[in-house]
Participant: 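Pasting in a structure now, in structure tokens, and then I'll have a few things to ask.
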Amino acid sequence: MSSELTVLCFLLLHTGSLGFGILPGDALNHLEITENAILNATVQVCRSLAQAEGTDFTFPPQPFTAKTVAAACNAPQSSKTFRQAILFIIFRNVRVDLRHAFNASFHFDDEMFVGGRKIITDGLRAVKASNQQENFKAARQQLGEILHPLQDFYSHSNWVELGNKRPNANLIRSDSSIGNIADRSRATCRNCDGDDCTNNILEDVIEEKVLTSGYFDVVPLFSTKPAGKCSHGGAIDQTSKIEPKGGINKDTFSSSHGHLHIQAANVAIAATNELLEDVRGAAGDRPFLQMMGISKGSSKALCFVVDTTKSMSDDIDAVKTVTSSIINSKKGTEDEPSLYILVSFNDPGLGPLIKTTDPKVFMDAINALSASGGGDEAELSLSGLQLALTCAPLNSEIFLFTDAPAKDRQLKSTVRALIERTQTVVNFMITDSIVINRRRRSDNSQRQHRGIPASDAQLYRDLARASGGQAIEVSKSELLEATSIITDSSRSSLVTLLQAARSPGRADNFSFIVDETVTNVTVYITGRSVSFTLIGPTGESQENTGTAGPLITAVQSLGNFMTLWLKKLVGRWEMRMESTNPYTLKVVGQSPIDFLLDFLEPSKGPFTGFDALDSRPRAGFNGSLLVSLTGTDTATVTEVLLIESGGSDEIKGVVEPQGGGNFLVHVEMMPSVEFVVRVKGQNGTATPGASAVFQRQSPTNFKASNLTVTADSNSILVPGTPFSVPFSVTTSGTGGNFTIRATNNQLFNSTFPTSLFLEAGNSANGTVTLSAALNTPSGTDVTLTIEAEAPGGADTNYVVLRFSVFNTVTDFSGPVCQLLSQQSNCSDNCSSSTWSLSIQVSDGADGTGVASVSLKQGSGTINISPAADNENITLVSYSASCCSPDMELLVVDRVGNEASCFYTRDPNPPAAQSLSRKLSQSILFLLNVMALGLYSLTEGVVQ
Ligand SMILES: *[C@@H]1O[C@H](CO)[C@@H](O)[C@H](O)[C@H]1NC(C)=O
Ligand SMILES: *[C@@H]1O[C@H](CO)[C@@H](O)[C@H](O)[C@H]1NC(C)=O
Ligand SMILES: *[C@@H]1O[C@H](CO)[C@@H](O)[C@H](O)[C@H]1NC(C)=O
Ligand SMILES: *[C@@H]1O[C@H](CO)[C@@H](O)[C@H](O)[C@H]1NC(C)=O
Ligand SMILES: *[C@@H]1O[C@H](CO)[C@@H](O)[C@H](O)[C@H]1NC(C)=O
Ligand SMILES: [Ca+2]
């Protein structure tokens, strides 16, 4: 049972229109409710931060947008990341309709009030735990999922009909009453009067303020609607055709209770606002803004993955120098990194991962790096990269420093999957690979130098190219100079104007548009012996003479890497590349106008609508994308092209504006070859001059696939219990044995089938089971990549999933032993005498209780019994020969925490020496009346 997907839902139903087709004056859907509430809550947070910091605050004009709110928050550079956070939350919200269409609790249908609230409160705890661990992506995901039922409550229940104008605050608390919920047997509705449903809720229900919600089912025969209950209503709800007929939902103006649509939507906005306030209260203002993608500085991460094996000391010095230069020179400016990430890798070590907003913590971690170890000549570079990709924000730029081949090449496709899904740019800073090439060519002598043979460098080049990054190959002495790319890329509002690669190399012409909003245009070229002619908008040209000229203000050339800084000239530029060696070309600049890109797939459920893909789109079939402009409220998209990465074939999409800067793009056929996405647009229609036309491109090279991999599971992982992720692989091509790989960034133990057999055109199912250790902290973020590879390896698809760990267990310590008494009559002849102990075992006030007690060491006899008066205490008595002076107990609590308690016979037990303060008066009394003192009293040793 589900909400009908119209108003309070993102998708339009039955009308044949698609997506967020919401025109001004139309009904409000989940998208707008969520966006309105986030924008409002964020403005409030920024205002109170400004007040606290004594700075000015000006409310942006209504209606708020991501751009105006980011600017009001004094963080205009965060406009893109803010919009991205909002869109992601909305996608997760809307997905609830697509994935949980028939789970009534997710929609507060069928009077599932308790179940609905549990989804909200459990998820809210996970949001807070994720924020505490600064895992903001996971927090957004959970947030989106719980906002859906929260908003549905106001459309699907009779809360508004009961006269309520304010949200039901008890939906975000687990310790209170939701309200006076109707008994299952209580009738709540009568038939509507024809089409008029304004009066179908029974008077006594309204008068007594009884809470009810509509029943919903698409199959009439199996309807579960009890007698006398209200229905959801609408064309696909079959229960509304059974008496009492009609419904009560307020999803749109045309719904059964459409006359209350605006009231319901407004209370839903207020409820969303209230939940966001609750999250903010727990997180604090700055972390709340970070969850929303708003931060001081550039809103970008400075992210390094560094090889720390022995030969890397020069490289590490370069990392130290560039880091300290960026931190010192960008401090307090809009280019200051908002987040710092460091993953070091060695052999066999990996990490630790440093993720911090504090530049000092980062600098200290960088300064602590030193080069050592690494026996053979290959290191865990891809494992390091995988970790960085899973914890960096979307659209980040990562720099990986190494001088060795990857030992973990098997991770190549996983890393590629993560690059595509996060649209992250990866740059490799590879030192000393040239030396080896040269040496090898001149003589075939033994390698005297650690370094990367050209064949191995190809792996890095492939990944760099796929991500739209550079594989920079320089000597160790050139590296420091080459790090200028890192300083350049840490600038805020960096956009890609063009990115292309040719391998094998060939002469080709490329063009790019510099619009009036773009500054600091920089061209990066990698490749050996590449020559070019650059032609400016006025027809002036310049060749690669290696010096400044009419178009180029500065040139830097190091190893295989060349940087050109261009003069600011608005218009169409041309780059004529001439080389038979492989090369890459990338043109970037700074501009507020950029775009976000998501691949969509039509819903497979009973409802029409789109879901954002977590995998590669389907090759050879029609497909859809969502392009969202950022940093502008005036620009529009005029053209979207899918361009073959290595060539010039292009597929033009049909662009449908959706309002709010969103554009739905349909292509007739997703390419079978790798492609990039280029967006052209215009800023404002009033000035349709050439200078208002802009061009942006995705750095990422995408692939479509003949395979489909889908997975669905709970998004909260509870440690200590196996977590199942069922998945399914479908091929539209040939069949055979498909290789399956499942990798998670937390290195949790996992089991999965390593291959699946698929018939041509068919599908097969499998399950990945993850096991997280019981002590995994709540808020830990897990990224699982499930890959399927077609026989022969020519085609691969994957699904990338993210889970939040929420530990329902709060007991992390083992039980505690307390020695009550020890008695012994040991004599010189130990075999003829015995000693004995009396011990109590308990699991503390917050513990789960003692599950088992066993003897780990000692040859005596043991007697275990529950205490007569207290079920939380277990009594243990032990007696042994004096020849066996040691004993050890293993005690375990109900969630598996262990402790061991070790006791040894006291050779000269003094009279009652120390008394634990914890002992009750009654035990004291007992001890006092005991026979003359051959006992001692000490605490057990818990190891
Ligand atoms: C905006 O947020 C404030 C503070 O949380 C709240 O009082 C107000 O009702 C909200 N406005 C809307 C339209 O949600
Ligand atoms: C970027 O461009 C602006 C204005 O054109 C200029 O002031 C600034 O120095 C440039 N920054 C860099 C790093 O070149
Ligand atoms: C776009 O055009 C508008 C008016 O036409 C102008 O105010 C604005 O500065 C331009 N740039 C951006 C990034 O919107
Ligand atoms: C998908 O299958 C078609 C036909 O078998 C083939 O031409 C195409 O290359 C395949 N696409 C991919 C991405 O493997
Ligand atoms: C697929 O793999 C299974 C197990 O490895 C093997 O028994 C089977 O013969 C393989 N089938 C094909 C068609 O290769
Ligand atoms: Ca315990």
Side-chain angles (χ1 to χ4, degrees), residues 28 30 32-52 57 59-65 68-69 72-73 86 147 150-151 154 164-169 172 262-283 285 288-289 292 413 416-417 420 466 599 613 615-623 642 644-647 649 651 667 669-675 701-709 729-736 738-739 758-762 787-798:
L28 292 165
H30 282 291
E32 292 163 314
I33 288 169
T34 305
E35 186 164 27
N36 285 350
I38 291 176
L39 291 170
N40 180 55
T42 305
V43 166
Q44 303 296 333
V45 173
C46 291
R47 188 180 63 153
S48 62
L49 259 179
Q51 277 167 350
F57 181 84
F59 272 98
Q62 291 278 6
F64 299 159
T65 67
T68 58
V69 170
C73 292
I86 296 174
L147 290 180
L150 183 77
Q151 295 163 357
Y154 300 97
N164 292 297
K165 305 256 183 294
R166 297 284 317 142
N168 182 349
I172 60 173
I262 285 293
Q263 284 91 319
N266 283 336
V267 189
I269 293 175
T272 305
N273 207 85
E274 194 178 86
L275 185 143
L276 292 171
E277 278 291 315
D278 189 68
V279 171
R280 167 203 183 177
D285 287 352
F288 177 86
L289 292 180
M292 290 303 173
S413 59
R416 167 107 208 217
E420 288 175 14
F599 291 93
L613 275 174
S615 60
R616 287 182 172 154
R618 279 184 87 184
F621 289 81
N622 59 14
L642 274 47
E644 178 187 2
S645 293
D649 282 358
I651 297 176
V667 294
M669 184 148 87
M670 276 289 170
S672 274
V673 294
E674 212 171 303
F675 62 95
N701 287 261
F702 297 101
K703 275 185 173 176
S705 171
N706 287 331
L707 304 178
T708 318
V709 184
V729 181
T730 311
T731 172
S732 58
T734 50
F738 286 65
T739 306
L758 270 76
E759 308 268 4
N762 260 330
E787 295 167 61
E789 186 182 292
D795 193 4
T796 305
N797 204 344
Y798 54 76

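Order of listing sets the numbers, starting from 1, for every ligand and every atom in it. All heavy atoms count here, side chains included; hydrogens, waters and symmetry mates do not.
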Participant: Taking NZ, NE, NH1 and NH2 as the nitrogens, is one of them in E674 or R416 under 4.0 Å from a carboxylate oxygen of the other?
Facilitator: yes

Participant: Is there a donor-acceptor pair closer than 3.5 Å between any side-chain N or O of Y154 and the backbone N or O of N168?
Facilitator: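 Yes, because the side chain of Y154 sits within donor-acceptor range (under 3.5 Å) of the backbone of N168.
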
Participant: Please check this pair: side chain of N706 against backbone of S732, looking for a donor-acceptor N/O pair closer than 3.5 Å.
Facilitator: no

Participant: Which ligand 4 atoms are under 4.0 Å away from a heavy-atom of A704?
Facilitator: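 It comes down to these atoms of ligand 4: 13 (C).
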
Participant: Where on S732 is there a heavy atom closer than 4.0 Å to ligand 4, on the side chain, on the backbone, on both, or on neither?
Facilitator: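 Answer for S732: neither.
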
Participant: If the cut-off is 4.0 Å to any non-hydrogen atom of E277, which atoms of ligand 1 fall inside it?
Facilitator: 5 (O)

Participant: Could you tell me which atoms of ligand 4, counted from 1 in the order shown, lie closer than 4.0 angstrom to a heavy atom of S672?
Facilitator: 8 (C), 11 (N), 13 (C)

Participant: Suppose we measure from atom 4 (C) of ligand 4 to each protein heavy atom; which comes out shortest, and what is that distance?
Facilitator: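 Result: N706 ND2, 4.6 Å.
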
Participant: Between E274 and ligand 1, which part of the residue brings a heavy atom under 4.0 Å of the ligand: side chain, backbone, both or neither?
Facilitator: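 E274 to ligand 1: no contact under 4.0 Å from either part.
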
Participant: Which residue supplies the protein heavy atom nearest to atom 7 (O) of ligand 1, what is that atom called, and how far is it?
Facilitator: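 For atom 7 (O) of ligand 1, the nearest protein heavy atom comes out as N273 ND2, 5.0 Å.
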
Participant: Testing E420, E787, E789 one by one against Y798 for a side chain to side chain donor-acceptor pair (under 3.5 Å), which residue passes?
Facilitator: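 One option only clears the test, and that one is E420.
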
Participant: I need the atoms of ligand 1 closer than 4.0 Å to a non-hydrogen atom of Q44, numbered in the order shown.
Facilitator: 1 (C), 2 (O), 3 (C), 4 (C)

Participant: Has the side chain of R618 got a donor or acceptor atom that lies under 3.5 Å from a matching backbone atom of T708?
Facilitator: no

Participant: Identify the closest protein heavy atom to atom 2 (O) of ligand 1: which residue and atom is it, and at what distance?
Facilitator: N40 ND2, 2.3 Å

